[in-house]
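Structure first, then comments.
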Amino acid sequence: MSGVSVTKDVQDAAGAADGLVVLSNVNKHFGALHVLQDIDLSIARGEVVVVIGPSGSGKSTLCRTINRLETIDSGSITLDGKPLPAEGKELARLRADVGMVFQSFNLFAHKTVLQNVMLGQLKVRKTDQAAALERAKSLLDRVGVGSQADKYPAQLSGGQQQRVAIARALAMEPKVMLFDEPTSALDPEMINEVLEVMQQLAAEGMTMVVVTHEMGFARSAANRVVFMADGKIVEQATPEQFFSNPRSDRAKDFLSKILHH
Ligand SMILES: Nc1ncnc2c1ncn2[C@@H]1O[C@H](COP(=O)(O)OP(=O)(O)OP(=O)(O)O)[C@@H](O)[C@H]1O
Ligand SMILES: [Mg+2]
């Protein structure tokens, strides 16, 4: 009824038209399993989308299709208006444009923290050595691990390693960052230091897709919550709407399980 909701609808429509990442009618199977079913999702520039849902619902697969770690069977995915490239240098560039942070940090064990953050800049972006070094140092400072630059990943805590992984993705100047349960392998006392870095990124306007069960983060940083179950987007809403008034039985059931333990 209110003018506010009308304005919001107009903004939603504009957001869809200006989608930085747009998935249209995406389907994917793993053998007999229809893991992504008719997925339509448009992520606007600067938007922070939190994806939640039960184990096996397809959240990781959804993320992985966006940087083509998984191919799709039908439908389309565009980044900045262009279909995702299939191979070669274009694909390497896509992987740089779409930063990905996983549960396991995947840092190169035999390279220092600084080298980890410089590598992609040198190889994929062809940044010169001095500029890559400067950028790596400043990003490590920004995520709070500047003093660890010359150590090897195994010498760092899990929380520190994950912040290095974030710095490494940011060093590529990505258009969008995907986070797949970035804190779920961390000891509780390290979760917040990683969430704080992500919160800061969100506040600076980074476009982000975040699979997480950290509901505090979803409430404070997300523009939108997307709830998946059985390969489908079952509902999506603002965090306030979703957490206070989930519409589907699947979402109500899921929330009652995760909020009550
Ligand atoms: N490479 C693969 N080959 C076959 N099946 C797969 C593959 N990757 C995932 N699956 C299956 O697809 C379904 C969705 O997996 P996915 O990892 O996307 O779920 P998820 O929502 O991320 O779950 P979780 O919360 O446990 O991480 C699961 O049933 C999983 O076993
Ligand atoms: Mg997963």
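For the numbers below, each heavy atom of this structure counts, side chains included, while hydrogens, waters and symmetry mates do not. This is a predicted model, so every value here is computed, not measured. Indexing begins at 1, ligand by ligand and atom by atom, following the structure's order.
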Worksheet item: Is there a salt bridge (charged side-chain N to carboxylate O under 4.0 Å, His left out) between Lys137 and Asp141 once you walk through the steps?
Response: CA-CA 6 Å; Lys137 281 185 170 167; Asp141 282 340; over 6 Å; no

Worksheet item: Under the salt bridge (charged side-chain N to carboxylate O under 4.0 Å, His left out) criterion, do Arg142 and Glu204 qualify, and how do the steps go?
Response: CA-CA 12 Å; Arg142 185 163 144 202; Glu204 288 165 5; 2.8 Å; yes

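Closest of all the heavy-atom pairs between Ile66 and Leu178 is CB-CD1, 4.0 Å.
Side-chain atoms of Lys59 and Thr212, non-hydrogen and from C-beta on, never get closer than 4.5 Å to each other. In this structure, Arg135 and Thr127 have side chains that are not in contact, with every pair of non-hydrogen atoms separated by 4.5 Å or more.
Checked by atom type, the side-chain pair Asn25/Asp40 shows no donor-acceptor distance below 3.5 Å.
Each of Phe30, Leu33, Val35, Pro54, Ser55, Gly56, Ser57, Gly58, Lys59, Ser60, Thr61, Glu181 has a non-hydrogen atom positioned under 4.0 Å from some atom of ligand 1.
Listed by chain and number, the protein N, O or S atoms at a distance under 2.8 Å from the Mg ion (ligand 2) are Ser60 OG.
Separation of atoms CZ (Phe243) and CE (Met215) is listed at 5.0 Å; rounding is to 0.5 Å.
Between His34 and His29, the ring planes are parallel. Angles under 30° get that label, and only those over 60° would be called perpendicular.
Listed for the Asp187 side chain is no donor-acceptor partner under 3.5 Å among the backbone atoms of Met190.
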